[in-house]
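Step one of this worksheet: look at the structure below.
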Amino acid sequence: MGTDFDKTRYEAMDRQSIWHPYTKHSVIESGPLPIITRGEGVYLYDATGRKYLDAISSWWACNLGHGHPRLVEAIIRQTKELQHSILGNLSHPRAIELATMLNDLFPDDRRVMFASDGACAVEAALKIALQYWYNLDRPEKCRFAALDFGYHGDTLGAVSVGYLKSFHKPFESVVFPVFQAPSPCCGACAFHEPGQTCLEECFDTMRLILREHAHELAAVIVEPMCQGAGGMRMHSAEYLRRLAELCREKEVLLIADEVAMGFGRTGKMFAFEHAGISPDMVCVGKSLSGGYLPISATIVRASLFETFRDTPQDHTFYHGHTFAGNPIAAAAAVETLAIYQEEGIVARAADLGKVLAEELQRLKDLPDVRNIRWLGMIGVIELEDDAKGRGAIRAAAIRDRLRREGILLRPLGNVVYVMPPLVTPEPVLRELVRALGCAVREIR
Ligand code: PMP
């Protein structure tokens with residue numbers, strides 16, 4: 001790799017054979033296509049040797065950066081021992097260790113259902129919620145509530161609870177209807193201008209849904225503290241506290257989708273910890289393995305698991321994926337959690353989050369910016385927008401400029417954000433925000 005000839009040939013082969021996810025044809029057809037060949041620390045390198053700061057941790061997964069020697073070693077070690085064996089009627093050491101480590105992160109007793117992708121962890125949670133009520137002879141509790149601007153993955157169940165008209169209109173005929181409450185994003189919600197307190201109005205519809213429909217609701221699903229793909233929309237811990245309390249009072253399960261925010265991103269191990277709540281199910285993925293291999297999990301309260309016995313009636317959960325808990329992916333996850341513990345990654349993320357906040361606060365006077373917000377290691381600059389989508393066009397230009405400067409990010413419409421690895425050196429983080437500020441100031 002590395003010669004121009006290679007790059008040209010590989011670009012042509014790519015255009016001939018790959019269907020890129022979430023990518024417009026026109027971008028692939030017309031734009032430059034960096035072909036990433038190597039990763040080291042917080043940097044990615046393309047086939048021409050160019051270095052890029054991975055400012056979105058490769059879709060929010062690589063919290064420990066790239067090429068971590070311990071993770072590489074753990075994967076190689078496991079590959080030589082056992083590559084794959086199923087968890088149906090069998091078990092293996094890495095899955096047992098990983099489930100134990102995950103269980104230990106919770107104050108109460110949990111059971112762990114493994115899968116590979118975040119969406120699959122969400123699908124399992126939705127199905128567990130449905131069957132839980134069925135097991136208890138309350139099959140009428142079969143509907144879900146979720147938040148506007150929520151995103152939970154791209155399978156049909158996940159799309160149903162994370163319905164975004166701009167993405168999902170073609171699937172309208174098959175997704176199931178869900179009660180949708182307004183997104184409670186402080187500073188960018190439907191009720192108030194930035195800086196005002198609006199919790200009552202934000203929570204009102206959710207309260208109404210729970211009061212009027214608890215009898216038919218299986219669960220509420222939310223992304224705690226920050227709705228990621230819907231635009232990095234952050235809400236207060238108090239919103240979550242109220243939601244958890246009402247769910248408990250009304251006998252509705254609460255599912256926390258921590259696929260994006262879990263494992264330190266918000267400055268806590270799990271984002272729901274900001275609210276001191278204990279969701280009935282927690283979905284994790286992405287950085288569970290440090291982003292090295294696909295593995296996800298649905299972490300379920302043991303009291304729910306108990307209703308899935310096969311006597312006197314068969315309530316077995318007939319659900320599973322071929323690669324659920326794959327030993328190599330599980331080995332990467334075990335090592336990831338060990339690194340988190342030994343190196344105090346979550347505390348480090350919280351400290352770095354303060355640096356990120358400090359740098360973003362310096363950018364208060366940026367032109368045509370609607371809102372700047374942050375939480376832990378997430379920094380957001382939401383650009384002014386109009387009916388013609390000028391904000392998104394400007395955001396794409398900012399992305400292109402930063403890419404030329406060696407920074408990889410990927411705005412969500414008019415929302416430009418950074419979510420760098422939790423091990424980003426402090427000077428690199430400061431420089432990232434400064435470069436972002438310059439780009440926003442100069443590109444109008
Ligand atoms: N839930 C949330 C909150 C996510 O952000 C994502 C992915 N961005 C998913 C679920 C789906 O995860 P995956 O892409 O691994 O299926």
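- Closest non-hydrogen pair, A297 versus V112, comes out as CB-CG1, 3.8 Å.
- Counting heavy atoms of neighbouring residues, nucleotides and ligands inside a 6.0 Å radius, atom CZ of R362 exceeds 12 of them.
- For the residue pair S278 and D108, the shortest heavy atom distance occurs at OG-OD2, 4.0 Å.
- Between R301 and L253 there is no side-chain heavy-atom pair separated by less than 4.5 Å.
- Open room surrounds CZ on F305; 12 or fewer heavy atoms of other groups in view lie less than 6.0 Å from it.
- Here the rule is salt bridge (charged side-chain N to carboxylate O under 4.0 Å, His left out) with E216, and of K141, K250, R143 only R143 fits it.
- For the pairing with I221, the side-chain contact (heavy atoms from CB on, under 4.5 Å) check across V178, V122, L147 returns one residue only, V122.
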Problem - Intermediate values then yes/no, ring-ring contact (aromatic ring centres under 6.0 Å, His included), F203 and Y239 - result: CA-CA 7 Å; F203 195 62; Y239 184 97; 5.2 Å; yes
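- With S289 contributing its side chain and A333 its backbone, the two residues share no donor-acceptor pair below 3.5 Å.
- Looking at R242 and E245, no side-chain N of the basic residue comes within less than 4.0 Å of a carboxylate O on the acidic one, giving no salt bridge.
- The only option from V346, N63, L64 that meets the side-chain contact (heavy atoms from CB on, under 4.5 Å) definition with L422 turns out to be N63.
- For the pair R138 and E251, the salt-bridge criterion is met [side-chain N within less than 4.0 Å of a carboxylate O].
- Counting only distance, with no hydrogens or angles, the side chain of E426 and the backbone of V355 share no donor-acceptor pair below 3.5 Å.
- Under the 30°/60° scheme for interplanar angles, the aromatic rings of Y163 and H168 are found to be tilted.
- Between L164 and G150 the shortest heavy-atom distance is CG-O, 4.3 Å.
- How far CE of M419 is from CG of L375: 9.5 Å, rounded to the nearest 0.5 Å.
- Taking the six-membered ring where the residue is Trp, Y151 and Y22 present perpendicular rings, their angle passing 60° and hence far from 30°.
- Between R241 and E238, at least one side-chain nitrogen of the basic residue sits less than 4.0 Å from a carboxylate oxygen of the acidic one, meeting the salt-bridge criterion.
- Heavy-atom minimum distance, L363 versus I372: O-CD1, 3.5 Å.
- Using a cut-off of 4.0 Å between Lys/Arg side-chain N and Asp/Glu carboxylate O, K165 and E172 are scored as not salt-bridged.
- Residues R348 and D351 are not paired through a salt bridge, judged by the lack of any N-O separation under 4.0 Å between the basic side chain and the carboxylate.
- For the side-chain hydrogen bond (donor to acceptor under 3.5 Å, both in side chains) criterion with S183, the lone passing option out of H235, Q227, E223 is Q227.
- Proximity of a side-chain donor or acceptor of D385 to a complementary backbone N or O of G391 within less than 3.5 Å is detected.
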Handout entry: From CA spacing to verdict: ring-ring contact (aromatic ring centres under 6.0 Å, His included), Y43, H66
Key = CA-CA 7 Å; Y43 297 102; H66 301 272; 9.5 Å; no
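- Counting only distance, with no hydrogens or angles, the side chain of D54 and the backbone of V42 share no donor-acceptor pair below 3.5 Å.
- Put simply, the side chain of M281 does not reach to within 4.5 Å of the side chain of I299, judged on heavy atoms.
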Exercise for the section: Under the side-chain contact (heavy atoms from CB on, under 4.5 Å) rule, what do F317 and K127 come out as? Steps first, then yes or no, please. Expected result: CA-CA 9 Å; F317 189 41; K127 286 176 69 181; 3.9 Å; yes
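- Atom CD of Q361 has more than 12 neighbouring heavy atoms from other residues, nucleotides or ligands inside a 6.0 Å radius.
- Pairing each heavy atom of L87 with each of G325, the nearest pair is CD1-CA, 4.0 Å.
- With H68 contributing its side chain and R70 its backbone, the two residues share a donor-acceptor pair below 3.5 Å.
- R265 contributes no side-chain N or O that, together with a main-chain N or O of G376, makes up a donor-acceptor pair within less than 3.5 Å.
- Each of N371, V440, I443 was evaluated against L383; a single residue qualifies, V440, per the side-chain contact (heavy atoms from CB on, under 4.5 Å) test.
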